[in-house]
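As the structure is a prediction and not an experimental result, all values here were calculated from the model. Heavy-atom basis, side chains included; hydrogens, waters and symmetry copies ignored.
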Amino acid sequence: MRLDAFEADAIVVGAGLAGLVATHELVKAGRRVLVLDQENRANLGGQAFWSLGGLLFVNSPEQRRLGIKDSYELALRDWLDSAGFDREDEDLWARKWAEAYVRFATYEKRDYLHELGLRVTPLVGWAERGGGKAGGHGNSVPRFHLTWGTGPEVVRVFAEPVLAAEQRGQVRFAFRHQVDELVETDGVVTGVRGTVLEPSDLPRGKKSSRVAAGEFELSAPAVLVSSGGIGHNHELVRQNWPVDRLGPAPATMIPGVPAHVDGRMIGISEAAGARVVNRDRMWHYVEGIHNWDPIWPDHAIRIIPGPSSMWFDANGVRLPAPNFPGFDTLRTLKAVLSTGYDYSWFVLTQSILEKEFMLSGSEQNPDITGKDLKQTLLSRAAKGAPGPVDAFKRHGVDFVVADDLATLVDGMNKIARGPALDVSLLERQIVARDLEVGNRYSKDLQLMAVANARKFVGDRVARVAKPHRILDPAHGPLIAVRLNILTRKTLGGVQTDLDSRVLRADGTPLTGLYAAGEVAGFGGGGVHGYNALEGTFLGGCIFSGRAAGRTMARAVK
């Protein structure tokens, strides 16, 4: 059947997680859906497939079993304190989305996903621990729930019913269809125009060509834009970089998302009349490392660290509190860039590496991704670092391993992009920290944070190493990691109301057009405000995609 002969009730632009969720909801309501994507079928699920599968739940059974006391009120306070909404107009809908999302994460999200077959691991992670104040940025309690099966499983539970609907003829996919324009008729969005790209049989994530093989124009009563953010488009990242808030954009950035994450549809939606807000809000990590076995161009991985590694700037000066691993992403990013360089260093021991290093990405956690309980238990309990972590230690260009500090610093200087490090400066700071380990108490705020983390059974058992001296040979060898800026998430975007309807500059809906996922700032044009609590990006795609699908189904009934 020709595409234009398929009588669609809705067109979904982007076959990532938000698009799949919306399509799932449309299918449940009996609607016919046409899904377009500029990549091939191998990329179904988009970025979500590559994710670790972290989800923020509030007051979950997993939390309660571990003695974590959480509530809607505490989570909402954490969210609003972290978001720092301060733009009366641009944040109007973002704040409403934040309140609605935290309610969803507290009362509906887990059950909604559980009914689809999604399960999480029993240990709850404590991500983005905050800036050091009860009323400031960060999670007051552990809320990071890891999907059993990681990102591919999150994709699967929505893709399977959608693919079943495709078999029934209720859904039609049009891959390698790149939307270039939204079609308007009398002020109403009624369809899309674009370019048919030449066929591609490349594996998932590989950069595909943009060679045109034809054109298309398609119509439907409702159009959803769910095309993702700008993470791999470094030109757009630099154009929107908040210099006044974070300092100058880094000269070296490495992308944590595939090449097709280009942000095109944000501008295309704006050209059709959509309001785009909070462009300067974005989420980039400071613990980026080059992938020694890349999939997409400049493929980068994030280290998800425990709190024990010592963190030094490019000059070899220890970062000030509370810039500890895993605590306050953007505050640490600002501190790193304030030195005039765009990288920093972890210095740690083999014991810390084995206990505390986890890598982002489904492909970096094959045991959990494969839902292999035996392999998971063996790999996490075995002596030595998990296989993927050990591979980066052996092959990664950002890793230096040595038996003594002088040799370690020598290796660090060989890969530094800035000043030569002084071994005596690093030694003074490490020795000062090591002298604090002899007692159960300390004036060192990082050691105090480690002691606090180890009070939580999940961290003590699986995530945080027992404090020891960095220079103790029994815990060696010494390891240094050059940390780069890794681009990841767009926190601003197309402004929407709580029904995922796209809004014009005057605040009225742009009839016929909807937006969900990262292109909408995960809802409202910026539900996270200035900061994210982690485990909220997949959840934002799910929540906004669900709202869009349900609203569109009602609109075209």
Tell me whether [X] contacts the main-chain N or O of [Y] through its side chain, where contact means a donor paired with an acceptor under 3.5 Å.
| X | Y | result |
| --- | --- | --- |
| S226 | V13 | yes |
| T551 | A547 | yes |
| H284 | M282 | no |
| Q63 | I68 | no |
| S227 | G14 | no |
| T490 | E518 | no |
| R129 | F327 | no |
| N43 | G205 | yes |
| Q446 | P307 | yes |
| H232 | V257 | yes |

To the nearest 0.5 Å, how far apart are [atom1] in [X] and [atom2] in [Y]?
| X | Y | atom1 | atom2 | value |
| --- | --- | --- | --- | --- |
| L486 | I254 | CG | CD1 | 5.5 Å |
| S309 | L483 | OG | CG | 8.5 Å |
| I303 | E356 | CD1 | CD | 11.5 Å |
| T329 | N531 | OG1 | CG | 8.0 Å |
| L56 | R110 | CG | CZ | 13.5 Å |

Test salt bridge (Lys or Arg N to Asp or Glu O under 4.0 Å) on E88 and R95 and set out the steps. CA-CA 10 Å; E88 183 177 352; R95 181 185 290 272; over 6 Å; no
Is the ring pair Y101/F104 parallel, tilted or perpendicular, if the boundaries are 30 and 60 degrees? tilted
Would you call the rings of F392 and W292 parallel, tilted or perpendicular, where under 30° means parallel and over 60° means perpendicular?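 Judged by the thresholds at 30° and 60°, the geometry between F392 and W292 is perpendicular.
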Y285 six-ring centre to R302 NZ/CZ under 6.0 Å and within 45° of normal: yes
R204 charged N/C atom sitting above F49 aromatic ring, 6.0 Å / 45°: yes
For [X], does the [atom1] atom have more than 12 heavy-atom neighbours from other residues, nucleotides or ligands under 6.0 Å away?
| X | atom1 | result |
| --- | --- | --- |
| K334 | NZ | no |
| R440 | CZ | no |
| K28 | NZ | yes |

For [X] and [Y], which heavy atoms make the closest approach, and how far apart are they?
| X | Y | answer |
| --- | --- | --- |
| V519 | A515 | CG1-CB, 4.3 Å |
| F85 | V527 | CZ-O, 3.3 Å |
| V277 | G525 | CG2-O, 3.4 Å |
| G526 | N278 | CA-ND2, 4.4 Å |
| L319 | V336 | CD1-CG2, 4.3 Å |

Lys/Arg N to Asp/Glu carboxylate O, D459 vs K355, below 4.0 Å: no
Any ion pair linking R469 and D434 (charged N to carboxylate O, less than 4.0 Å)?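 Looking at R469 together with D434, the answer is no, because their closest N to O distance does not fall below 4.0 Å.
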Quick one: are the ring centres of W311 and F346 less than 6.0 Å apart?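 They qualify: ring centres under 6.0 Å apart.
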Quick check on ring pair (Phe, Tyr, Trp, His ring centres under 6.0 Å): which of F537, W97, W283 does F522 satisfy it with? F537
Apply side-chain contact (heavy atoms from CB on, under 4.5 Å) to residues M310 and R318 and explain how you reach the verdict. CA-CA 7 Å; M310 294 190 72; R318 192 178 179 190; 3.7 Å; yes
Taking side chain as C-beta onward, heavy atoms only, is W79 less than 4.5 Å from E99?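 No, their side chains stay 4.5 Å or more apart.
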Candidate pair S351 and H468, rule side chain to side chain donor-acceptor pair (under 3.5 Å), full reasoning: CA-CA 9 Å; S351 295; H468 57 271; 4.6 Å; no
Quick one: do K96 and D91 satisfy salt bridge (Lys or Arg N to Asp or Glu O under 4.0 Å)? Show the steps, please. CA-CA 9 Å; K96 293 178 180 180; D91 286 337; over 6 Å; no
Pairs flagged by side chain to side chain donor-acceptor pair (under 3.5 Å) wherever residues 130-140 is involved - sequence neighbours left out: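 The answer is R77-S140, D78-S140, S82-H137, E128-H137, N139-R143.
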Set of side-chain hydrogen bond (donor to acceptor under 3.5 Å, both in side chains) partners for S360, sequence neighbours left out: none
Show the numbers, then the answer: is there a side chain to side chain donor-acceptor pair (under 3.5 Å) between T147 and E153? CA-CA 7 Å; T147 298; E153 180 71 359; over 6 Å; no
